[in-house]
Structures are given as structure tokens and as C-alpha cells.
Protein chains: 2
Amino acid sequence: MQLEQIKYPAQESVALTEPFFHMAFSVDCVIFGFDGNELKILLIKRGEEPFGGYWALPGNLIYLNENIHDGAARVLRELTGLQNVYLEQVETFGTVNRHPLGRVITTAYYSLVKIADCPVFAQSHAEEVSWFPISKVSDLAFDHLEILKACMQKLKKIVRGRPVGFELLPPKFTLSELQRLYEAILEYPMDKRNFRKKILSMNILVELEQYQEGVAHRPARLYKFDEEKYKRFVEEGFSFAV
Amino acid sequence: MQLEQIKYPAQESVALTEPFFHMAFSVDCVIFGFDGNELKILLIKRGEEPFGGYWALPGNLIYLNENIHDGAARVLRELTGLQNVYLEQVETFGTVNRHPLGRVITTAYYSLVKIADCPVFAQSHAEEVSWFPISKVSDLAFDHLEILKACMQKLKKIVRGRPVGFELLPPKFTLSELQRLYEAILEYPMDKRNFRKKILSMNILVELEQYQEGVAHRPARLYKFDEEKYKRFVEEGFSFAV
DNA sequence: AATGATCATGTATATTTTACACAAACTACC
DNA sequence: GGTAGTTTGTGTAAAATATACATGATCATT
């Protein structure tokens, strides 16, 4: 940690504020990926106390002179090497005793990334970094399991309000892959024909003149996202009017 | 403030954590009400520096030994007398210089209340408490205007995913009042017949054998919410399947 | 050449959404 | 007591969307 970076803000009214300024603030990142079949999450193995040896969300304390969003990006980069990912705030967890070293309130951020495009490597207090299938994550440091569950819920909500996939799939993909992604997130099976109808009617996909190769069955057509249209869709969301 | 309540948590690793534990944490409450025509928000006039004399969201620092959600309820009660309201977390704001006294990160909570049922009175560092029409709020202490806008967006989203009204309307109300509430939140007009069809099809309303009295036009039938069904609807949300 | 796997595709039905206009019931005022 | 002014309450047709469902096509493997 770069302790020399820290600058203390001016405290004009020490007498009044003295008893309050003894908290720390952290960020924890929930990074979702998709390997074509399963939804996965990026975890680190902690090399430091507390919870040394435990698997945990990539997270750390932020500096006094650092915005929390910037802090989330920095912490993620320092621990896993991941950069330039779009982080979105999910929820803040502030139970009194959630951290053994003192009062630490944490804000969870989530992101969706393509596993293949994101080489990760352990750094700082991360001893290891690895992708885990969501279904197999059971024991995490701190209250990170609770945080993970909250982010899963958030992801399920998000996927109902805007398209998902550009962030998680390779540049070219089949419709079945996209459907498997939706099924992995929402955790229920969907009808193939209806799924295709729906996703194609959004007009965010471009049909390519390319097909899968080397598969032991009829090869599927490849698609890519129309980046422009996709982004507009994400920004505006589906418009659910009452 | 009850400073004597504060207990410092044990700090096992002072050398390492020392530079970090110098932040404070606050909560700010965005309390929405509805007077039959306009969406309103509860503000306090600050009687203390910083931002003395400014109108602000009811908010304050939380104690070291206090959960943030409990803190939100306490702060709201101490400043405005409001109690037993359902507070929901919205977003955390952590810009470095948002508070002049030092590094203070704040979490916004929102709630919906019936103005008539909630007598409010200024206490603690609140010099005055008052309801303001959303449209007339322009200048607030700290970054509270930004926080308010974020909560407005949240409210708009919420209203699309679950019914609203039980928390904001008197026990008996007309369908036009309910529609005006929706229009105030979503900021666009709706078709009367279609609105009625939709809201009645949810089966959360009970038609009463009572009518408005003393109005200079045909009196409207009164309705109330079916509390059981309403709650189930709120918990489950509308089910938007893909 | 047969097997096994996945891909691609259409239709009929039910449900939901949208757009739209006029008589009824009350008060206030003359 | 009649008229003007205001808001309530109601239905339908057309369009869009959602759902349920089965079969031949194309590749690798043997």
C-alpha cells in the first residue's frame, strides 16, 4: 500500500468531530464472468490478516483522498490486474462488527467481463486469483458471501431491464451461447424459439456470414452485437410504462 | 449527540490501520410525501455549521457502534421526530471533498410517508423542518441536491417494478388521486381508463361503498388498499420474465 | 451409411397494450 | 329552480406481445 499518498483533510472543528473520525471505508468488487456455460466470479485468496488464507472478494480500504469509485478501480487493479472495467455501485454494508480491525464500512461494486480477455494475476495482499463458478462459492472472508448474494440479485434485476451479453461474451457468439448466459443469470430455462424471437426483435444483434467450426453437429451461425444500438439500449433501458 | 455512547472497537493492528481510520460516515434521508397533487420532500434548515442556515436533507454522522441502517432511523427521528418509517438504501456518495470538516462518506436512504400522518418537529441541529414540493427545491447543503436527484430516479424505477401508494396516500382515496400520484412520480400524464384497468387488474384495491363528499362535481368512489395483497406484490415485485 | 448431437425455423392462441368519447352526478351561481 | 362548470365512470376495437409447441437440416464420429 502506498501510505505516502495519504493526505489528511483539514479538520476545522476538531473538538466536535473528534469522536467521529475513526472509521475506515473499503470497497469490494464482484466481478462476473461467463465461460460459455456457467456464471463465474473472480475471487482472491487473502495473504494477510484478517481472514488470511480465506477466499474473498477483491477489496481493500480506500485512501482519505480518494473517491470511492476511483478506489474501487484501483483496488481491483492492484489485487487482480484487472483494468478498465465498468464498475457500478450496488450496495453499502455497514454492520458494526463486520470487520475485526475496527469500524469498516464497505461499498460493493459489480462488473461484467469477458474471462478470456481479462488475464488476471495476484498482487498486493492477494496470494491467488481465480474464477469460481457461482454455484460452488460457499465460504468467504468477512460478510462477502452476503455481498455476493446481493450482487446476484442485482444482476438478475438488471438483466430484466436491459440487454446483457456484450460485456460477458466473446465478440462472436451463437444464439445458444447467449441463451445459456441468460439462463445462467436468471436460473431458469427458456424456450429456444421464443428467446430468439425476442432477442432478435431488439435489433441489437448483427447476423454474420460465419459459422461454428469443428463441432460434432450442425454448426451454429455466429452473431455479434451492434455496439451502437446495444449501448443506446443499455442507457435507455427497456421502457416499462404504467 | 450522545457522545458517551461511543465505544471504540479494538484495533489489533494499529500500525497498519492507523492511517486509514480517520473517516466519518453519515446518512442522509430522502423522505417523499404526497399532498394529493404534488410530490414533496422533507427538509431541515440547518442550525449548525457547516452550511448553517441552509436547507438540507435530514442527515448526520453515525456512531462507531451503530449499524448504518439503525443510524438512518435514529438520525431521522432526532432531527424531525419521524419514526417507524420504512427506510431503504439507495446509494453511497463518496467524493473526497463533499464535506468541509473532513472525509465523510454518506449513504442515502429513502422512504415514502403520508404527510398527514407524520407530524414533524425540528430538533437537534434542525432549526426548522418543512415539506417542499420537489419542483421547487434548488439549493441544498453539501451535495444533497445530487443525492435528491438520485433518489428521484430510484423512485421512478421502483414505481415501474411494484405498486406504490399505500405508503403515500391516506387510507381511503379515489382512483384519480392514485393516478395523480403516479403522474407526479413519473412526470408524465396517463390515460384515465387504461390506468384504472391496469391498477384494478392487480387486485390490490378494495372498492368501498363510500364516496367523496362536498365536492363541486360528481363525487368519486373511494378505495383502500388490500394490505395483504399489496405487501405480497411489493415483496415479489412484478415478474418481468425474458 | 447409420448414429448422435445441436441448429434453425413458424404458427395458432392467448394476453396485454393502446387509443379514444360521452353520459352521469354533484356544487355554485344566477 | 335552472343552467354552467367540473370531475367521474365506463367499453371496445385494433395492434402488439407472449406463449406453447415439433421437425427436418447439418455436421462429426463410428
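Here is how names work: the chains are called A, B, and so on, in the same order as the sequence lines, proteins then strands, and each is numbered from 1.
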Next on the checklist: Does a side-chain N or O of Lys198(A) approach OP1 or OP2 of dT17(D) to a distance below 4.0 Å, or not?
Outcome noted: no
Item to check | Euclidean distance, atom CD1 of residue Ile199(A) to atom C1' of dT9(C) [Å, nearest integer] | outcome: 17 Å
Checklist outcome for this item: Closest to the side chain of Asp191(A), out of dG11(D), dC21(D), dA18(D), is dC21(D)
Next on the checklist: Whether the side chain of Glu167(A) engages the backbone of Val113(A) through a donor-acceptor N/O pair (distance < 3.5 Å, no angle test) should be reported.
Outcome noted: no
Heteroatom pairs (N/O) under 3.5 angstrom, protein to nucleotides 5-7 of chain C:
unit_1	atom_1	unit_2	atom_2	d
dC7(C)	OP1	Ser176(A)	OG	3.0
dC7(C)	OP2	Ser176(A)	OG	3.2
dC7(C)	O2	Arg218(A)	NH1	3.2

Checklist entry - Could you give the CZ-to-P distance, from Phe195(A) to dT19(D), as a whole number of Å? => result 14 Å
Item to check | Any pair counted as salt bridge (Lys or Arg N to Asp or Glu O under 4.0 Å), so long as it reaches residues 199-211 of chain A, sequence neighbours left out | outcome: Glu207(A)-Arg221(A), Glu209(A)-Arg221(A)
Next on the checklist: Any carboxylate oxygen within less than 4.0 angstrom of a Lys/Arg side-chain nitrogen, looking at Glu91(A) and Lys149(A)?
Outcome noted: no
Next on the checklist: Has Lys156(B) got a side-chain atom pairing as donor or acceptor with Cys151(B)'s backbone, closer than 3.5 angstrom?
Outcome noted: no
Checklist entry - What's the CG-C1' distance between Asn194(B) and dA13(D), to the nearest Å? => result 13 Å
Checklist entry - Does one side chain, of Gln179(B) or Lys192(B), offer a donor that lies under 3.5 Å from an acceptor on the other? => result no
Checklist entry - What integer distance in Å separates Met202(A):CE from dT17(D):P? => result 12 Å
Checklist entry - Does Lys197(B) make a side-chain donor-acceptor contact with the base of dT12(D), cut-off 3.5 Å? => result yes
Item to check | Donor-acceptor pair between Thr95(B) and Asn67(A) side chains, under 3.5 angstrom | outcome: no
